[in-house]
Amino acid sequence: MRNLRTALLTVMATGLAVTALAQVPAAAASAAAPAQPKFLSASQLPASHTPWTAGPIRKGVPAEGSVCTTGIAPAAGSRHRDFRTELDTNARQTITVAPTTAKAKALAAELRGALETCLDRLKEQDPGLEGEAFYQGRINVEEGAHVYSIDTSYPEVGSTDIGLYSVGRDGRTVTVVEWGQMGELDGAPLEGFKKTTRTAVAKLH
């Protein structure tokens, strides 16, 4: 009996050792996996007359919308989230993790260029469109963020729309924040949007 009991204890000890060794690589792999960049929450968007509702975080780039920047950010490494209110105000955040910091820097520059030329491109596509576009300044957060506004109108039908956009970067992670509603720049929450942009970049990592 003593020999049998000794043998059983030896088997149990060996089994525990094997289990412990098997768990080490899994724990190490988990610790090595980088944390995903964090998205804005509904409460971090500019103040609105009705509450914001946040949609799910989706993989890839948006299938539609994002008129100024469509086709620039790659689907691989990108995720996005849509927001809306009950008064036809909408917003979107897209986050892209580039393979290297250099590629993230180039992507941010390309996105900024697309926003700077967006209104001219829209006018070329639709000669009846009028509008104004402004660079609203740089925000000192991480590697920096840049804010733009694009005010468009169709005089024939009397409709006006205002869009606020920003591009920010933290290391090899780039984020684009978009906000839009009917109306003009005077009624847009520009300072609130700048605060949202600062938060968006600061909480990426």
Please assess Thr160 against Thr152 for the test side chain to side chain contact (heavy atoms under 4.5 Å, CB included), listing each intermediate value before the final yes or no. CA-CA 6 Å; Thr160 59; Thr152 58; over 6 Å; no
Check whether more than 12 heavy atoms from other residues, nucleotides or ligands sit under 6.0 Å from atom CZ of Arg138, and answer yes or no. yes
Do the side chains of Trp179 and Pro46 get nearer than 4.5 Å, heavy atoms only? yes
Can you confirm whether Arg172 sits close enough to Pro99 that some side-chain heavy atom of one is under 4.5 Å from a side-chain heavy atom of the other? no
Under a plain distance cut-off of 3.5 Å, with no hydrogens placed, do Asp126 and Tyr154 share a side-chain donor-acceptor pair? yes
Flag if over 12 foreign heavy atoms under 6.0 Å of CZ, Arg84: no
Rounded distance [0.5 Å steps], OG in Ser48 versus CZ in Phe83: 13.0 Å
Quick one: does His80's side chain have a donor or acceptor within less than 3.5 Å of a partner on Gly60's backbone? yes
Can you confirm whether Leu185 sits close enough to Phe134 that some side-chain heavy atom of one is under 4.5 Å from a side-chain heavy atom of the other? yes
Any side-chain donor-acceptor pair under 3.5 Å between Gln44 and Lys203? yes
Side chain Arg79, main chain Arg81, donor-acceptor under 3.5 Å: no
Check whether more than 12 heavy atoms from other residues, nucleotides or ligands sit under 6.0 Å from atom NZ of Lys105, and answer yes or no. no
Please report the closest heavy-atom contact between Ile162 and Ser149, naming both atoms and the distance. CD1-CB, 4.4 Å
Between Val147 and Leu164, is there a side-chain heavy-atom distance shorter than 4.5 Å? no
Looking at residues at least two apart in the chain, or sitting in another chain, which of them share a ring-ring contact (aromatic ring centres under 6.0 Å, His included) with Phe39? none
Only counting residues at least two apart or in another chain, list the ones meeting side-chain hydrogen bond (donor to acceptor under 3.5 Å, both in side chains) with Ser153. none
Do side-chain atoms of Ser166 reach the backbone of Thr197 as a donor and acceptor pair under 3.5 angstrom? no
Ignoring hydrogens and geometry, is there a side-chain-to-backbone donor-acceptor pair from Glu143 to Gly171 under 3.5 Å? yes
Is Cys68 close to Ile150 at the side-chain level, that is, under 4.5 Å between some pair of heavy atoms? yes
To check you understand the geometry: which heavy-atom pair defines the closest contact between Pro37 and His205, and what is its length? CG-CE1, 3.7 Å
Flag for Thr175-Gln93: side-chain donor and acceptor within less than 3.5 Å: yes
Donor-acceptor side-chain pairing of Thr89 and Gln181 below 3.5 angstrom: yes
Side chains of Glu116 and Tyr148: any donor to acceptor distance under 3.5 Å? yes
Between Ser78 and Ile95, is any pair of side-chain heavy atoms under 4.5 Å apart? no
Between Asn90 and Arg92, does any side-chain donor sit less than 3.5 Å from a side-chain acceptor? no
Donor-acceptor pair, distance only, cut-off 3.5 Å: does the side chain of Ser66 make one with the backbone of Thr69? no
Between Leu107 and Ile72, is any pair of side-chain heavy atoms under 4.5 Å apart? yes
